[in-house]
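Worksheet: the structure to be examined is printed underneath.
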Amino acid sequence: MVKSPAIDKLKALVIKEVDSHHDQLRELSLKIHSTPELGFHETKAAGWLTQYLKKNGFSIERGISGLATAFKGSYGKGKPAIALLAEYDALPKLGHACGHNLIAGSAVGAAVASEAAIDQLGGTVLIIGTPAEELYGGKAIMVERGAFNNIDIAMMVHPGVHDAATTQALACISLDVEFFGKAAHASARPEAGINALEAMLQSFAAINSLRQHIKDKARIHGIITDGGEAANIVPAHSAGTFIVRAEEDAYLDELKEKVLNCFVGAATATGARLEYRWAEVSYAPLRNNMALARLFQQNMQSLGRKVLLAKPTKAFGSTDMGNVSQIVPAIHPDFAIAPKEVAIHSPEFAQAAASEAGIKGMLDSAKALAMTIVDLVANPETIARVKQEFKSK
Ligand SMILES: [Zn+2]
Ligand SMILES: [Zn+2]
């Protein structure tokens, strides 16, 4: 990190800016929290966020990449173009149990605060609203449709149970499966039926056997979404959704084939017909830009938080930020909002996402992101270093 009185002054200014927006950012994130919207239906959240950005000097494009609830805001002009990413989708039944309301608040907070740096030093700060992170890989679609072209750097933060400048995220794809059998009276004419539920249960058994022999960190998990109509009818139809994850894309491809064979085998064993559909987009593994992560770490630490470079855990999920990080230098740090016993995607984490610790983490993250933008626009060499690292891998 380059130090100079001018940079320090600018950082103090962006911190003051976030503080002056404290009440509005808090209100915005709590409003999103209390109005959970599922992926691609985040109409209210996208509306509130773009309204706030517009009121604060950003020019706004709504519905980018052909996605109604995606948006782009920009302030300033020319290079470098630094993007902050906002997520705002919730989970079925659990609401904001992944704390995306805090991601949205930190991104818009950082965007508005960094106007001071852009005014003095030039460049562009972009804020990209990315819908449907949880289930549909909104960013993966937006990457394919060019939303991140002409961007130099992309940054976002995610709430969690650690303060850490990097995280690991697995490559991931989902699979929908259906079995078609034949209905019959389960007691009077069982021999006339073909049991689609048994095919699904056989598939789970086969996957459980496979799991013993897969690589460390790979994951296979699923649910049954249709298991029949009544106990006295041989189930003519069953359905399920599965997710397959691996540390690398190449192993994910290998694993996909093995998982699919579990269903094919079950279809053969039971006589049920298999139909399956892999999701159109897969989540790529996350590439952490270490030069960028260290800048964020130092800025977040200057606010009095102890920030690790890597999370002290082997438990990882997936994120569509992985896809962005494959084409643009990127970071996806975690900020702690709950004790480490609390599991993300739980009711307790949803509570934490509306707590004082949640709001504090969101505001600190907004400050650290804005301070990192100061570091970047103030020093072309810093951006060159970030890009060099990205190219060298
Ligand atoms: Zn999340
Ligand atoms: Zn999540």
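Heavy-atom basis, side chains included; hydrogens, waters and symmetry copies ignored. Note that ligands are numbered from 1 as they come in the structure, with each ligand's atoms numbered from 1 the same way.
- Remark: Ser238 engages no residue in a side chain to side chain donor-acceptor pair (under 3.5 Å) (not counting sequence neighbours).
- Residue-and-atom listing of protein N/O/S atoms under 2.8 Å from the Zn ion (ligand 1), sorted by chain and number: Cys98 SG, His100 NE2, His158 NE2.
- Residue His345 approaches the Zn ion (ligand 2) most closely through its N/O/S atom NE2.
- In this structure, Arg145 has no salt bridge (charged side-chain N to carboxylate O under 4.0 Å, His left out) partners at least two apart in sequence or on a different chain.
- The nearest pair of heavy atoms linking Val281 to Tyr136 is CG2-O, 3.5 Å.
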Requested in this report: For the pair His237 and Asp226, evaluate side-chain hydrogen bond (donor to acceptor under 3.5 Å, both in side chains) and give the outcome as yes or no after the intermediate values.
Outcome: CA-CA 7 Å; His237 179 257; Asp226 181 13; 2.5 Å; yes
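- Between Ile141 and Glu280 there is no side-chain heavy-atom pair separated by less than 4.5 Å.
- Evaluation of the side-chain hydrogen bond (donor to acceptor under 3.5 Å, both in side chains) test over residues 104-127, restricted to residues two or more places apart or in two chains, returns Tyr75-Asp119.
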